[in-house]
Amino acid sequence: MLTLSMQNLARVGQRALAAGAAPLSSSSAPAAAAAPLVPGEPAQPVVRTDIPGPNSRAYLQQLSRITPCQTVQVFVDYDKSVGNYQVDADGNVLLDAFTQISSLPLGYSHPDLLDTLVRPQNLRAFVNRPSLGVFPGADWGQRLQTSLMTVMPAGMTSVTTMSCGSCSNENAFKAIYFWYRTKQRGSATDIPHEDLESCMWNKPPGSPNYALLSFEGAFHGRTMASLAVTHSKPIHKLDIPSMDWPIAPFPRYQYPLGDFVQENKREDDRCIARVEELMHEYQRKGVPVVGVVVEPIQSEGGDHHGSNEFFVRLQATAKKNGAALLLDEVQTGGGPTGKMWCYEHFGLPDAPD
Ligand SMILES: Cc1ncc(COP(=O)(O)O)c(C=O)c1O
């Protein structure tokens, strides 16, 4: 199972460019690297006022009367922001080296994206907000075939579309629970009355005591279950009730890797041993670990990588204990690591669940 947000699919373009691939609006001119990302992109930053400037400060006063604004940095003029440059409400032209919060890989106001949004059939899809599970548009299957299905990893055959990373994960968690419970019951349709009754009171057996195993430093989103498997910063979690689910260490290697081969192998051993130990511990408590949730590269919580061997062993450990492996590719999917899906670097014997 893989999760990816739609925004991130667009990353393929920007990161491929950064890696030296031909630009999307390809000309083979050797000076392509110096060309603007999109027409009209400023040539350089220009700072005209303090930041935040007087306009940003005034907008902040206005907005903070009606909504919490503690995290607001500056107000942005999205009509003027182009390519890699953000123009703020005071006319400061700022080089955005972070693509918003890593969510704008093709830059501001990319003409191809603007063009896609104004096409009548896309406008109608947005305006009518189809309930895809009940009344999908007649062309929905065809649209999926010609988009997401063309980048399907080997061994995976179906797709569920969601609107954000957190809800993609939440939905994947539910798929894991359904899969596990169906295995236990031996039937997807023969549901005991007791299960139907008890789930309405959040009690087992209808609401079973299952756990997802996640990793120290992980980030999987801020909705309830996604937050329960997130462990990057207290600010995301403080004051929010959560689940008592197992949290294993994610490798912290010593660099350069070539100088610390043995130490890093021991680090893999330590992390995998802890995963195994936690799975047994929770099994004994009557709370089986039904899924292992992991980022191929810990992104939001730092820049932490696991070796190919770590991921191969993690998959084997999950399988041995009857748990599904969920790879959260919300940051890494869509091409930024040089493959469409980061996990394709790992040489896993099987596709993720
Ligand atoms: C690995 C990972 N998973 C999930 C999410 C949550 O995505 P969203 O903010 O779209 O809900 C993020 C967001 O940064 C992420 O980095």
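It should be emphasised that the depicted structure is a prediction, and the values quoted were computed from it without experimental measurement. Whatever order the structure lists them in is the order used to number ligands and atoms, beginning at 1. Throughout, residue positions are numbered sequentially from 1 according to the sequence presented.
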task = Check whether the side chains of N122 and R143 place a donor and an acceptor atom closer than 3.5 Å, and report yes or no.
result = yes
key: Atoms of ligand 1 close to C164 [distance to a heavy atom under 4.0 angstrom, numbered from 1]   = 10 (O), 11 (O)
request  = For E300, counting its heavy atoms only, list the atoms of ligand 1 lying under 4.0 Å from any of them.
outcome  = 14 (O)
key: Test item: side-chain donor near acceptor, Q100 and Y108, under 3.5 Å   = yes
key: Flag for Q121-R124: side-chain donor and acceptor within less than 3.5 Å   = no
query = Between Q331 and ligand 1, does any nitrogen or oxygen pair lie at a separation below 3.5 Å?
reply = yes
ask   = Any chance the side chains of E300 and Q331 put a donor and an acceptor closer than 3.5 Å?
value = yes
inquiry  = Between N92 and T49, is there a side-chain donor-acceptor contact under 3.5 Å, judged purely by atom types and distance?
reply    = yes
ask   = Between F310 and F346, is the ring centre distance below 6.0 Å?
value = no
query = Near N169, which atoms of ligand 1 are under 4.0 Å from a heavy atom of that residue?
reply = 3 (N), 4 (C)
query = Under 3.5 Å between some N or O of ligand 1 and some N or O of G221?
reply = no
message = Within the 4.0 Å heavy-atom shell around S166, which atoms of ligand 1 are there?
response = 6 (C), 7 (O), 8 (P), 11 (O)
query = Side chain, backbone, both or neither: which part of E295 has a heavy atom under 4.0 Å from ligand 1?
reply = side chain
